[in-house]
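Have a look at the structure below, then the notes.
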Amino acid sequence: MIKKWWHDKTAYQIYPKSFYDSNGDGIGDIPGIISKLDYLHDLGIDIIWLSPCYCSPLADEGYDISDYYKIDPRFGTMEDMEQLIAEAKKRDMYILMDLVVNHCSDEHEWFQKACQDPDGKYGNFFYLKDKKENELPTNWRSYFGGPVWEDLPGTDKQYLHVFHKKQPDLNWENPKLREEVYKNINWWLEKGIRGFRIDAIINIKKALPFHNYEPDREDGLTSIENMLREAHGIGEFLGEMKNRTFQHYDAFTVGEVFNEKPEEIADFIGENGYFCSMFDFNETIFGGSEKGWYDARQITPDEYKQCCFEAQAKVGTIGFLSNIIENHDEPRGVSRYIPEGDCCTQSKKMLAALNFMLRGIPFIYQGQELGMENVPFTSIDEVDDISTLDEYKTALNAGLSPEQALTAVSKYSRDNARTPMQWTNQPNAGFTTGTPWLKVNPNYTSINAAAQQNDPDSVRSFYKQLIALRKNVEYKETIVYGILEPVWEDRHNLMAYYRKGEKNILVIGNFQKEEQTVELPSAFKKVLLNNDSTFKIEENQLFLNGYQAVILEMQ
């Protein structure tokens, strides 16, 4: 494997609206991010991925972009962005932007011009169909509910949107559209950013010609997944994009890739893949239901373990996965993967160790390093996320009471990850001096950065130790490039695996509150990390306390 500059890096995702507010308007901003760079540098972060801060009406919180070349005034100015890039560089840190090119905003100039002249140049930047009385072009259901077709204002046509109606899909079959996308990518790379996280990219290739599928709910519509399964040929677009943009700048790119076919993994993230890496979503999609969130099934520790190992086996040494516990589209991982009632400092550290030592690029989401948890919603009126609001309606339509529906969707709401970052125990968690745009989790008085930063036993300190271990010259080669080999796979509520290379490292996590004992297959040389105050071993019998995780260098 050819070694790349990003292989040994640790990444951190920032959701700008909720990270830190520098001017008291209740919304996080770029100057706020700049002011916290030393906090991230102290943690050991190398790469910072910013969720969108481009101009946007925020119908989908920035993933509906109205101008790809401008910073939204809510978040600051282009000068602020340039300063952020420069200040990060001083600290040997790199900035990634979010690349959102499956769709734009209906307030983008392209779409406005398409409305004015649907048969002209910009009409062909989108998927437009003639409107028919009482009949949609297809029966596909959008990701946020309802049909994917909406009337094109002022015309007798309809446009396609697989997400929100304010997010019209861009027509990648049109080479002129692709040229505009590549021009923008190169413009940002020239600015000095180091790469992109690439949003919803699997959706850019549609199955042509468009047609209906068997309905799967009472609304007569069908999941968009059915169309995506039939779509072939995305590689032509992705290969062209890489050749025209990323490869000229040695950029780091990580794809949000769902529905990939096993035979395509090398194409996506192999030595000459379209991207450097792609996220492992095996754990996040587990237990999902076609009926909706209300019907989703809670993942167990054994299932979590299996999901991780399946993803690792599928990719092997073909390339690098990007490993996550949570992100801006998911609930808090500690609330999702740790059995109910067992969320504590010890279990949070265990989950961190098991995820962080997997082969791949570790991505930490803001607040994850503090063990931030899901927020208790008392009313649907507290929810901002459009996806949660749609799932709430779906649950009500399925016969759940308002209380049951709120409980069901609260577990999976994207707003769980979007509540303000918890900096201190002061009002509004030290996030803003104003009124925060989204409610602060009331547990900020006990879970916050100020309380954890200098506490050697805190969750944050444990993450800092994990990052330092990954950078340690003695172990880096094995942790970054070594193979992953599961062990004791059949043991209930125990997750363990080797990382083998120059060294032989064993990672063990007791995924329950009850003690467990394991017999080590050989003697160990050193305890590299332990989330518990005790380490009990007798004649190779290792005694693990509840949620204890240890990382051992073996003989």
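Any value given below was found using the heavy atoms of this structure, including those in side chains, with hydrogens, waters and symmetry copies removed. Not measured: the values here are computed from a predicted model.
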Subject >> H161/K166 under side-chain contact (heavy atoms from CB on, under 4.5 Å): CA gap, chis, key distance, verdict >> reply: CA-CA 8 Å; H161 61 92; K166 285 184 69 65; over 6 Å; no
Original post:
Is N171 reaching over with its side chain to a backbone N or O of N124, donor-acceptor style, under 3.5 angstrom?
Top reply: yes
Original post:
Do you see a donor-acceptor pair shorter than 3.5 Å between the side chains of Y294 and Q404?
Top reply: no
Original post:
Should R178 and E173 count as an ion pair when the cut-off is N to O under 4.0 Å?
Top reply: no
**OP:** Please list all pairs passing the salt bridge (Lys or Arg N to Asp or Glu O under 4.0 Å) test where one or both residues lie in residues 224-236, with sequence neighbours left out.
**Re:** none
**OP:** Using a 4.5 Å cut-off on heavy atoms from C-beta on, say whether the side chain of E256 contacts that of F281.
**Re:** yes
Subject >> Check: Y143 side chain, I224 main-chain N or O, donor-acceptor pair, under 3.5 Å >> reply: no
Original post:
Are side-chain heavy atoms of L358 and Y497 found at a separation under 4.5 Å?
Top reply: yes
Original post:
Any chance the side chains of T222 and E214 put a donor and an acceptor closer than 3.5 Å?
Top reply: no
**OP:** Using the six-membered ring of W437, assess whether NZ or CZ of K17 lies under 6.0 Å from its centre and within 45 degrees of the ring axis.
**Re:** yes
Subject >> Residues R244, E179: salt bridge by 4.0 Å N-O rule >> reply: yes
Subject >> Audit row: M1, H7, side-chain contact (heavy atoms from CB on, under 4.5 Å) steps and yes/no >> reply: CA-CA 11 Å; M1 178 174 285; H7 282 168; 4.0 Å; yes
Original post:
Where the side chain of D199 meets the backbone of V101, is there a donor-acceptor pair that is under 3.5 Å apart?
Top reply: no
**OP:** Please name the residue in the list F126, F111, Y122 that meets the ring pair (Phe, Tyr, Trp, His ring centres under 6.0 Å) test with Y159.
**Re:** F111
**OP:** Might you point out which heavy atoms bring G76 and I71 nearest each other, and give the distance in Å?
**Re:** O-CG2, 3.6 Å
Subject >> Step-by-step salt bridge (Lys or Arg N to Asp or Glu O under 4.0 Å) determination, D219 to R141 >> reply: CA-CA 9 Å; D219 58 9; R141 183 186 304 106; 3.0 Å; yes
**OP:** Please step through side-chain contact (heavy atoms from CB on, under 4.5 Å) for the pair L238 and I204, ending with a clear verdict.
**Re:** CA-CA 9 Å; L238 299 182; I204 66 170; 4.0 Å; yes
**OP:** Return yes if some donor-acceptor pair links the side-chain N/O of H248 with the main-chain N/O of N243 below 3.5 Å, else return no.
**Re:** yes
Subject >> Y337 and Y304 aromatic ring geometry - parallel, tilted or perpendicular at 30°/60° bounds >> reply: tilted
Original post:
Taking the inter-plane angle between the rings of F237 and W172 on a 0 to 90° scale, is it parallel (under 30°), tilted (30 to 60°) or perpendicular (over 60°)?
Top reply: tilted
Original post:
Is the W6 ring parallel, tilted or perpendicular to the F320 ring (thresholds 30°, 60°)?
Top reply: perpendicular
Subject >> Exam field: side chain S18 to backbone R418, donor-acceptor pair closer than 3.5 Å >> reply: yes
Original post:
Is there a donor-acceptor pair under 3.5 Å between the side chain of D64 and the backbone N or O of D60?
Top reply: yes
Subject >> Whether N416 side chain and V375 backbone form a donor-acceptor pair below 3.5 Å >> reply: yes
Original post:
When the aromatic ring centroids of Y63 and H164 are compared, is their separation below 6.0 Å?
Top reply: no
Original post:
Does S413 use its side chain to pair, donor to acceptor, with the backbone of V409 at less than 3.5 Å?
Top reply: no
Original post:
Between F246 and F275, what is the ring plane arrangement, given parallel below 30°, perpendicular above 60°, and tilted in between?
Top reply: tilted
Original post:
Considering all heavy atoms of both residues, which atom of K242 and which atom of N272 are nearest to each other, and what is their separation?
Top reply: NZ-O, 3.3 Å
**OP:** Taking all non-hydrogen atoms of both residues into account, name the closest pair between S335 and C343 and its distance.
**Re:** N-SG, 4.4 Å
Original post:
CG of N441 to OG1 of T419: how many Å apart, nearest 0.5 Å?
Top reply: 5.5 Å
Original post:
What heavy-atom pair brings I30 and C53 nearest, and what distance separates the two atoms?
Top reply: CD1-SG, 4.3 Å
Original post:
Is there side-chain contact between P215 and N139, with heavy atoms separated by less than 4.5 Å?
Top reply: yes
**OP:** Please tell me if the side chains of I324 and Y365 come closer than 4.5 Å, counting only heavy atoms from C-beta onward.
**Re:** no
Original post:
Taking atom types as modelled and ignoring hydrogens, do the side chains of Y12 and E369 form a donor-acceptor contact shorter than 3.5 angstrom?
Top reply: yes
Original post:
Just checking, K183 and W187: is the charged tip under 6.0 Å from the six-membered ring centre and within 45° of the axis?
Top reply: no
**OP:** Apply the ring pair (Phe, Tyr, Trp, His ring centres under 6.0 Å) test between F279 and each candidate in F258, F268, W49; give the one that qualifies.
**Re:** W49
Original post:
Can a donor-acceptor pair be found between the side chains of Q312 and D280 at a distance below 3.5 Å?
Top reply: no
**OP:** Look up atom CG in D390 and atom OG in S142, then write down how far apart they are to the nearest 0.5 Å.
**Re:** 7.0 Å
**OP:** Evaluate side-chain contact (heavy atoms from CB on, under 4.5 Å) for D106 paired with E150, printing each intermediate quantity in order.
**Re:** CA-CA 11 Å; D106 65 348; E150 189 74 19; over 6 Å; no
Original post:
Which value, rounded to the nearest 0.5 Å, describes the distance between Y94 atom OH and I47 atom CD1?
Top reply: 8.0 Å
Original post:
Hey, are R74 and D72 close enough for a salt bridge, meaning a charged N less than 4.0 Å from a carboxylate O?
Top reply: yes
Original post:
Hey, does W149 have a side-chain heavy atom less than 4.5 Å from the side chain of L160?
Top reply: yes
Original post:
Can K129 be said to sit on top of F210's aromatic six-ring, NZ or CZ under 6.0 Å from centre and within 45° of the ring axis?
Top reply: yes
Original post:
Is a side-chain donor or acceptor of N203 paired with a backbone partner of A200 at a separation under 3.5 angstrom?
Top reply: yes
**OP:** Using the side chain to side chain contact (heavy atoms under 4.5 Å, CB included) rule, pick out the option among R336, E283, R414 that qualifies with E330.
**Re:** R336
Original post:
Do M421 and Y20 touch side chain to side chain, with heavy atoms closer than 4.5 Å?
Top reply: no
Subject >> Test: R197 and D98 ion pair at under 4.0 Å >> reply: yes
Original post:
So, does R194 use its side chain to make a donor-acceptor pair with the main chain of D250 at under 3.5 Å?
Top reply: yes
Subject >> T77-D80 side chain donor-acceptor pair, cut-off 3.5 Å >> reply: yes
Subject >> Q13 and Q368, any side-chain heavy atoms less than 4.5 Å apart >> reply: no
Original post:
If you measure from the Lys or Arg side-chain nitrogens to the Asp or Glu carboxylate oxygens, is any gap between E326 and R332 under 4.0 Å?
Top reply: yes
Original post:
With N212, which residues qualify under side-chain hydrogen bond (donor to acceptor under 3.5 Å, both in side chains), at least two apart?
Top reply: none
**OP:** Of all the heavy-atom pairs spanning T435 and T432, show the shortest one and how long it is.
**Re:** C-CG2, 4.3 Å
Subject >> Whether Y412 and W293 hold their rings parallel, tilted or perpendicular, with breakpoints at 30° and 60° >> reply: tilted
Original post:
Under a 4.0 Å N-O cut-off, is there an ion pair linking K132 with D130?
Top reply: no
Original post:
Which residues pass the side-chain hydrogen bond (donor to acceptor under 3.5 Å, both in side chains) test with K206, sequence neighbours left out?
Top reply: N102, D169
Original post:
Minimum heavy-atom separation for C307 to N282, with atom names?
Top reply: O-ND2, 2.9 Å
Original post:
Are any non-hydrogen side-chain atoms of S105 and S56 less than 4.5 angstrom apart?
Top reply: no
